[in-house]
Protein chains: 2
Amino acid sequence: MTAARAVTTTPKRRGAVSRGDGQPPSAPLELTLQAEDYLKAIYELEREGDAAGTNALADRLDIAAASVSGMLQRLARLGLVKTERYHGTRLTAAGRAVALQLIRRHRIIESYLVARLGFAWDDVHDEAERLEHAASPQLIEAMARVLGNPTADPHGAPIPTASGEIAERELASLAALDVGASARVAGVNGRDPRLLRYLGERGIRPGVKVRIESREPFDGPIVVTVGREKQAISPGAAAHVRVEPKAP
Amino acid sequence: MTAARAVTTTPKRRGAVSRGDGQPPSAPLELTLQAEDYLKAIYELEREGDAAGTNALADRLDIAAASVSGMLQRLARLGLVKTERYHGTRLTAAGRAVALQLIRRHRIIESYLVARLGFAWDDVHDEAERLEHAASPQLIEAMARVLGNPTADPHGAPIPTASGEIAERELASLAALDVGASARVAGVNGRDPRLLRYLGERGIRPGVKVRIESREPFDGPIVVTVGREKQAISPGAAAHVRVEPKAP
DNA sequence: CAGAAAAGTTAGTACGTACTAAAATACGGT
DNA sequence: ACCGTATTTTAGTACGTACTAACTTTTCTG
Ligand SMILES: [Mn+2]
Ligand SMILES: [Mn+2]
Ligand SMILES: [Mn+2]
Ligand SMILES: [Mn+2]
């Protein structure tokens, strides 16, 4: 017999970092950094489509598809995910709760770094990507309190509440607006710092008012008025800018 | 052949969390959270004695001695540690540098949590123990800047500089002071939150002036004047209080 | 609808980290 | 010098995570 160990008692979940939650009540549910990131990625892919595909996940996480398959089975075993063999993966309610808490941590951290520690908005994502796994609920709530419980991160993405509610809005893309239309920038999609910096330098940030002046054919530039300046940006870049259409 | 992989090219250091340092220059040296904690523990044990013993390490890290043996071999292979078989382990210069940077991160984080996020001094250690592995140099320096580059953490321990210098002072213990002697509290050793809270509630904190009023025999209580109140504390607790003896 | 391409899974391996059990070494005291 | 205890190391195992290669299933496409 291999010692009465891996029977019922959870053996301390190797590799998982205890964040001081995981109270006795019901399930401790200590997840590794990797598992958490998978769940977040599945959440995002589910939002921008249907069930999350293995390859799409592999792509986003920069991990081989075979490895993703394996992890998905582990997550399924933990009841965090439901995979329809060969047809994609969805979060269970439990998995979604974990993902939303992680997203809350991520976005509050990003907000705090920008508001209190002088970080640029294009420079916070990677830092948050690591800290989100280490920060205790106590720390997160302290940051949120200091910031006055913000509801959106520096990129305009909504911050889930501590109880896991999120105000996801369906927004148009700047690239899809008609010529002549006005809109308010709600946020910028995309985690690429270069894109964020580029847009930021041109004044395209959450809250700013924009107006489409013209659009060139053959995927040509879109000319937008931002503040009192005109900017010509590519449809590719514009596609990442989410806007809230506005009356005249 | 098993594919030309684990030959010379470091294969991305599995399990290590990239903190955005690890520049191309010379060695990337991406360490896991565990390796970092071992190095820190070795540093501390070396300070309070000679070479760090395997059992002492196992004890401090709450890990089986056999596992420690294994990790020490890995750290030795990485050139961070030098083990004299059966006779303890010391840090190499490289290992000490890693340890000091980690300690810097830890102590700046603790300082920041207390100064800016309303944490109690007995409540920051565990948080820092995790964040120290995730925080980038950029974040650490931003925190330090905001605090005005503190030189000691909330427990009075010195903070190494960014270049790895530390001002370790040999201090007396409160338990060792003579009756009638006055001293300034320099810091409190010990990571046990209960001890910290206990001492804090009695006004025993870094910077405070104390005077030994009496000491009972048979390991009896030590009576100390703190501010205008007298406190009777056990020699065990007093042993953790480091003091700087003072003229009259 | 057949065949090819795309998407996904399995098999086999590696590595970091941890554990227990057992063996080796060191050391203090007689 | 010898013995028993304490310390340390080795051996063998487990598990999470990742990889490549090979296979299977699904989905397009002509
Ligand atoms: Mn982000
Ligand atoms: Mn992450
Ligand atoms: Mn500490
Ligand atoms: Mn640590």
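Fair warning: this is a prediction, and the values are worked out from it, not measured in the lab. Chain naming here is simple, since letters A, B, ... match the order of the sequence lines and numbering starts at 1 in each. What you see below is based on every heavy atom in this structure, not just the backbone, and it leaves out hydrogens, waters and symmetry mates.
Side-chain nitrogen and oxygen atoms of B/Asn55 include at least one within less than 4.0 Å of the OP1 or OP2 phosphate oxygen of D/dT8. Contact annotation: A/Ser69 side-chain N/O to C/dT10 OP1/OP2 distance is not under 4.0 Å. At D/dT17, none of the side-chain N or O atoms of A/Ser67 fall inside 4.0 Å of OP1 or OP2 (strictly under the cut-off).
Residues of residues 38-48 of chain A that place a heavy atom closer than 4.0 Å to DNA chain C do not occur. Taking a 4.0 Å limit (strictly below) on heavy-atom distances, residues 81-100 of chain B reaches DNA chain D at B/Thr83, B/Arg85, B/Tyr86.
When rounded to the nearest whole Å, the span between CG of A/Asp50 and P of C/dA7 equals 16 Å. Distance, A/Arg60 CZ to C/dA7 C1': 17 Å, rounded to whole Å. Rounding to whole angstrom units, CD of residue A/Glu30 and P of D/dG16 are separated by 14 Å. The nearest whole Å value for the distance from the CG atom in B/Leu61 to the C1' atom in C/dT17 is 13 Å. For the pair A/Gln73 CD and D/dG16 C1', the computed distance is 14 Å after rounding to whole Å. Atom CD1 of B/Ile63 is separated from atom P of D/dT8 by 15 Å (rounded to the nearest Å). One can place CG of B/Leu80 at 13 Å from P of C/dG16, the figure rounded to the nearest angstrom. Following rounding to the nearest Å, A/Leu72 (CG) and D/dA18 (P) show an atom-to-atom distance of 11 Å.
Under the 4.0 Å criterion applied to side-chain N and carboxylate O atoms, A/Arg19 and A/Glu36 are assigned as salt-bridge partners.
By the salt bridge (Lys or Arg N to Asp or Glu O under 4.0 Å) test, A/Glu168 is found to be paired with A/Arg47, residues two or more places apart in sequence or in another chain being considered. Remark: A/Ala64 engages A/Ser67 in a side chain to side chain contact (heavy atoms under 4.5 Å, CB included) (not counting sequence neighbours). For A/His125, the ring-ring contact (aromatic ring centres under 6.0 Å, His included) test picks out A/His106, with sequence neighbours left out. Among residues two or more places apart in sequence or in another chain, the salt bridge (Lys or Arg N to Asp or Glu O under 4.0 Å) test is passed with A/Arg85 by none. A/Tyr38 is linked by a side-chain hydrogen bond (donor to acceptor under 3.5 Å, both in side chains) to nothing, counting only residues two or more places apart in sequence or in another chain.
A donor-acceptor contact under 3.5 angstrom links the side chains of A/Asp37 and A/His133, judged on distance only.
Residue B/Gly70 is out of contact with every strand shown, counting any heavy-atom pair closer than 4.0 Å.
Candidate nucleotides C/dT9, D/dT9, D/dG16 were compared by shortest atom distance to the side chain of B/Ala65, and D/dT9 ranks first. Among the nucleotides C/dT9, D/dT17, C/dA18, the one closest to any side-chain atom of A/Ala66 is C/dT9. You'll find that the side chain of A/Arg74 is closest to D/dT17, out of D/dT17, C/dT17, C/dA7.
Sorted by first and then second residue, the pairs that involve residues 48-58 of chain B and meet salt bridge (Lys or Arg N to Asp or Glu O under 4.0 Å), not counting sequence neighbours, are B/Glu48-B/Arg60, B/Asp50-B/Arg90.
Taking 4.5 Å as the limit, some side-chain heavy atom of A/Leu117 sits within range of a side-chain heavy atom of B/Met143.
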Donor-acceptor pairs are to be reported for all side-chain atoms of residues 155-164 of chain B against protein atoms at under 3.5 Å, with residues two or more places apart or in another chain.
| residue | atom | partner | partner atom | Å |
| --- | --- | --- | --- | --- |
| B/His155 | ND1 | B/Glu110 | OE1 | 3.3 |
| B/His155 | NE2 | B/Trp121 | O | 2.8 |
| B/Thr161 | OG1 | B/Ser163 | N | 3.3 |
| B/Thr161 | OG1 | B/Ser163 | OG | 3.2 |
| B/Thr161 | OG1 | B/Gly164 | N | 3.3 |
| B/Thr161 | OG1 | B/Glu165 | N | 3.0 |

